[in-house]
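What follows is a short report on a single structure.
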Amino acid sequence: MGKRKLKTQATETTNLKRKKSKKEVVLESIVKSDAPVERQTKWTNKQRALIFSSRGISYRTRHLMLDLRTLMPHSKAEPKMDRKDKLFIINEVCEMKNCNKCIYFEGKKKQDVYLWVSNVPKGPSAKFLVENIHTMSELKLTGNCLRGSRPLLSFDKNFDSEPHWQLLKELFIQTFGTPNHHPKSQPFTDHIFTFSIEDNRIWFRNYQILEEEDGSLAEIGPRFVLNPIRIFAGSFGGATLYQNPHYISPNDYRRALKRQKADKYSLKVEAKEAAKMRKPEVSYALDPTDLVFNTVSQEDFQKKK
Amino acid sequence: MNPLIDSDSDEEIQEALAAGTIKPGLVVEEQKRDFINNREGIKQKIKEFSLSNLRWIERLDLSSKPALSGESASNGQEEGQSENDDFNREMRFYQQAQASVLLGLKKLAELSVSTKRPEDYFAEMAKSDAHMKKVKSKLLEKKMSLERSEKVKKMRELRKYGKKVQQEVLQQRQKEKKAMLDSVKKFRKGQVDKIDILDETIERQPKQKQAQQMKNGQFRPNKKREFKNKKFGFGGQKKRSKYNTAESAADVSEFSAKKAHGKNPVNSSKMKSKNKRPGKARRNNMRNRGKK
């Protein structure tokens with residue numbers, strides 16, 4: 001038994017070696033001196049992500065964007081875009097920057113943050129509302145990792161349940177995953193991006209791998225929650241493939257809150273008015289002519305005296 | 001078909017109510033919004049742009065079980081336990097990441113890709129050293145403050161405990177003292193023959209006479225009793241014991257001529273001089289006079 005096992009192992013290793021040797025560039029026996037040297041290119045999955053934002057994002061969003069840039073060595077930067085520019089311009093910007101993925105932060109009303117993740121020339125793209133942002137510079141997040149090391153991408157099992165989640169998963173893998181052998185990347189794996197679905201939202205976490213044996217972790221940050229709004233077939237536009245029925249726009253939410261407050265006041269006023277109406281001015285309807293029969297007695301007279 | 005819209009007749013509404021097609025209360029037509037979910041289109045799109053033909057090492061994606069998904073759904077609905085839920089949710093993310101790490105590192109090891117950074121490999125980190133210093137100091141501060149508060153708490157508890165112990169000791173002492181005094185008293189009275197005082201046992205030595213008497217079956221009471229017995233009598237009939245008998249009536253040994261009938265002048269004068277207090281009526285009169 002033992003012998004056979006050993007044998008199989010040995011054959012496997014030889015197979016591996018053969019495979020490796022297949023990929024490696026083997027110089028020919030005779031090479032001309034002026035021929036260009038053929039280099040082995042290990043970097044096959046050439047994803048480049050453009051990370052930038054519109055004008056009018058909050059400081060917190062800006063920090064989040066910078067954090068993503070530091071964590072993703074395959075990212076490129078771009079000055080903030082004017083608010084008035086149309087979104088499809090981004091496609092051209094990406095083309096100019098030679099990027100095929102785009103992460104675009106859009107600030108609205110100085111408080112709401114939307115995030116576009118797009119596969120640039122052909123789509124799809126998805127728009128999210130970003131909630132609960134915590135940046136990497138928060139002191140309670142104690143982990144640290146190499147700048148540009150490749151993260152593992154951990155996905156919740158729920159990502160395989162529905163087609164739209166599957167699409168988002170594929171999009172995230174291509175966007176957030178650092179390509180193998182990227183020139184700026186580090187050759188070690190020391191952190192993990194976690195995407196989980198909870199409450200119809202995608203929760204993002206980034207952990208440092210402390211111990212490889214038991215898998216103990218420390219959070220590096222950033223944290224944010226992505227509430228999907230729509231998925232488009234094209235990049236920054238096109239036909240809608242999916243629309244989130246659970247999504248409530250922050251404007252609607254705020255309006256509801258305001259209305260609740262307004263209701264509180266109007267109800268109070270109404271109650272006051274009603275109380276006023278209920279309360280009679282005269283406690284008992286007396287007949288004034290009854291007073292005619294009131295006679296003054298001797299006692300009353302003396303009392304008055 | 002909604003009967004409310006269709007007709008106004010009460011009968012029809014009553015029938016519908018009985019049939020259960022409508023329910024009591026205000027009938028508001030729900031506005032149904034159509035949400036697009038083009039499953040086929042999405043699947044087509046995934047096929048178009050997916051890079052699943054790449055090897056796993058290029059993608060590094062892992063799919064892990066969400067820990068306790070059923071519980072998460074129920075927790076999400078309960079708003080009251082939001083604090084607790086926050087913690088549980090983070091725990092779930094952590095567990096998911098942990099499971100993925102264990103799986104992923106195994107896969108990487110199989111592909112013979114190094115995951116661990118050697119000790120002497122220095123490179124720029126995602127967070128700067130200055131920042132990490134801050135983090136460390138913050139952690140330390142937190143730890144210190146925790147320790148301090150714990151210490152204070154402990155001290156407070158100790159003080160409380162000490163007070164209690166002291167009280168108990170005092171009470172115990174009091175009790176012992178009382179017991180000792182009691183036993184001494186009993187010993188003195190003769191109720192007990194043996195006492196322990198200051199680690200010594202003191203035993204009463206029985207008097208020989210008494211012992212003998214005890215042996216003989218005769219019991220002799222103490223002096224006080226004896227005297228009382230003599231004075232008031234002991235045993236026998238007490239009735240009629242004070243009646244005069246012929247003998248007692250005839251006994252004149254106590255008669256003294258000097259004392260009899262107040263004939264002794266010396267004695268009578270003495271008596272008079274002794275009685276200085278006036279009578280009651282007189283005293284009252286004197287009092288009244290003084291008042292006025």
Side-chain angles (χ1 to χ4, degrees), chain A residues 44-45 70-71 119 122-124 136-137 139-142 144-148 150-160 163-164 166-167 169-170 173-174 177 179-180 186-190 192 194 196-199 203 205 207 209 212 215-217 220 231 233 239-245, chain B residues 33-43 45-46 48-52 54-55 57-66 69 72 76 89-90 92-94 96-105 108 112-118 121 123-127 131-132 134-139:
Chain A
T44 50
N45 179 22
T70 56
L71 286 172
N119 178 33
K122 290 187 172 175
M136 213 158 66
S137 41
L139 291 179
K140 66 177 178 184
L141 304 171
T142 53
N144 200 355
C145 65
L146 281 173
R147 189 176 187 144
R150 299 186 65 208
L152 293 171
L153 301 174
S154 164
F155 286 91
D156 195 333
K157 271 262 159 65
N158 289 340
F159 270 101
D160 302 327
H164 63 272
Q166 283 170 19
L167 185 135
K169 180 182 173 182
E170 184 59 38
I173 288 170
Q174 293 185 19
N180 199 8
Q186 300 283 354
F188 308 107
T189 310
D190 61 352
I192 178 166
T194 312
S196 318
I197 294 172
E198 186 119 350
D199 198 16
W203 301 65
R205 294 286 182 274
Y207 295 102
I209 302 167
E212 301 202 349
S216 63
L217 309 166
I220 303 170
I231 297 172
T240 304
L241 290 175
Y242 172 77
Q243 204 175 359
N244 185 7
Chain B
R33 268 187 71 189
D34 285 335
F35 292 101
I36 301 164
N37 191 0
N38 184 1
R39 282 158 179 272
E40 290 309 309
I42 291 170
K43 276 176 190 166
K45 201 73 206 173
I46 292 171
E48 261 178 50
F49 88 106
S50 122
L51 291 173
S52 51
L54 286 174
R55 286 180 307 154
I57 186 69
E58 301 285 346
R59 291 158 62 83
L60 291 185
D61 64 315
L62 296 154
S63 153
S64 300
K65 247 185 209 167
S69 64
S72 75
R89 189 195 303 124
E90 286 308 320
R92 255 172 272 138
F93 298 156
Y94 186 93
Q96 183 198 324
Q98 209 169 16
S100 302
V101 163
L102 292 174
L103 194 73
L105 290 180
L108 284 172
S112 61
V113 174
S114 67
T115 50
K116 220 167 198 175
R117 180 166 63 118
Y121 185 96
E124 199 182 350
M125 304 294 279
K127 289 176 184 174
H131 180 82
M132 285 317 280
K134 257 194 219 169
V135 169
K136 218 170 255 175
S137 72
K138 174 105 182 179
L139 272 180

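It should be emphasised that the depicted structure is a prediction, and the values quoted were computed from it without experimental measurement. What's counted below: heavy atoms across the whole structure, side chains too, no hydrogens, waters or symmetry copies. Order of the sequence lines sets the chain letters (A, B, ...), proteins ahead of strands, with each chain counted from 1.
- Counting heavy-atom pairs closer than 4.5 Å to chain B, the top residue among A/Ile231, A/Asn45, A/Asn144 is A/Asn144.
- Of the residues considered (B/Gly104, B/Ala99, B/Ala123), B/Ala123 shows the highest number of contacts with chain A, using heavy-atom pairs under 4.5 Å.
- Ring-plane geometry between B/Phe93 and A/Trp203 is classed as tilted, the angle between the planes lying from 30 to 60 degrees on a 0 to 90 degree scale.
- The backbone N or O of B/Glu90 sits nowhere less than 3.5 Å from a side-chain atom of A/Arg205 that would complete a donor-acceptor pair.
- Shown here for A/Thr142 and B/Met132, the closest heavy-atom pair between the two residues is O-CE, 3.4 Å.
- A donor-acceptor pair is defined here as one N or O able to donate and one able to accept, closer than 3.5 Å; such a pair exists between the side chain of A/Arg150 and the backbone of B/Glu58.
- Proximity to chain A involves both the backbone and the side chain of B/Ile57, based on heavy atoms less than 4.5 angstrom apart.
- Atoms CD1 and CG, on B/Ile46 and A/Leu167 in that order, are 5.0 Å from each other to the nearest 0.5 Å.
- Within the 4.5 angstrom heavy-atom criterion, no atom of B/Lys136 approaches chain A.
- Note that the OG atom of B/Ser137 and the CG atom of A/Leu139 stand 7.5 Å from one another [nearest 0.5 Å].
- In terms of heavy-atom proximity, B/Ala97 sits nearest to A/Ile192 at O-CD1, 3.6 Å.
- Remark: the backbone N or O of B/Phe49 is paired with a side-chain donor or acceptor of A/Gln174 at under 3.5 angstrom.
- Atom OH in A/Tyr242 sits 11.5 Å away from atom CD1 in B/Ile36 (nearest 0.5 Å).
- The shortest non-hydrogen separation linking B/Ile42 to A/Pro163 is CG2-O, 3.4 Å.
- If you check the side chains of B/Gln96 and A/Ser196, you find a donor sitting under 3.5 Å from an acceptor.
- Interface check for chain A: of the options B/Leu51, B/Asn38, B/Leu105, the most heavy-atom pairs under 4.5 Å are formed by B/Leu51.
- Although no hydrogens or angles enter the test, the distance criterion places a donor-acceptor pair under 3.5 Å between the side chain of B/Gln98 and the main chain of A/Gly215.
- If you measure heavy-atom distances from B/Leu103 to chain A, you find no contacts under 4.5 Å at all.
- Interface check for chain B: of the options A/Leu152, A/Leu71, A/Thr70, the most heavy-atom pairs under 4.5 Å are formed by A/Leu152.
- Contacts with chain A were tallied for B/Thr115, B/Val113, B/Asp61, B/Asn37; B/Thr115 has the most, counting heavy-atom pairs under 4.5 Å.
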Q: Output, in order, the C-alpha distance, side-chain angles, deciding distance and verdict of side chain to side chain contact (heavy atoms under 4.5 Å, CB included) for B/Met125 and A/Leu146.
A: CA-CA 4 Å; B/Met125 304 294 279; A/Leu146 281 173; 3.7 Å; yes
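- With a 4.5 angstrom heavy-atom cutoff, A/Phe159 does not touch chain B via any of its atoms.
- A donor-acceptor distance shorter than 3.5 angstrom exists from the side chain of B/Lys45 to the backbone of A/Ala233, with no hydrogens or angles considered.
- Annotation: the span from B/Arg117 atom CZ to A/Gln186 atom CD amounts to 8.5 Å, rounded to 0.5 Å.
- The line from CZ of B/Arg39 to NE2 of A/His164 is 8.0 Å long, rounded to the nearest 0.5 Å.
- Residue A/Asp160 touches chain B through its side chain alone, counting heavy-atom pairs closer than 4.5 Å.
- Summarising the geometry of B/Gly41 relative to A/Leu241, their closest heavy-atom pair is C-CD2, 3.9 Å, with the distance given to 0.1 Å.
- Contact detail for B/Ser52 and A/Glu170: the closest heavy-atom pair is N-OE2, 4.4 Å.
- Comparing A/Asp199, A/Thr189, A/Thr240 by heavy-atom pairs within less than 4.5 Å of chain B, the highest count is held by A/Thr189.
- Options B/Leu139, B/Val101, B/Leu108 differ in how many heavy-atom pairs under 4.5 Å they form with chain A, and the most are formed by B/Val101.
- Distance check: B/Lys138 NZ to A/Lys140 NZ gives 10.0 Å after rounding to the nearest 0.5 Å.
- Counting heavy atoms from C-beta outward, A/Phe155 and B/Ser100 have side chains that stay 4.5 Å or more apart.
- The backbone N or O of A/Ser137 lies less than 3.5 Å from no partner atom in the side chain of B/Lys134, so there is not a single donor-acceptor pair.
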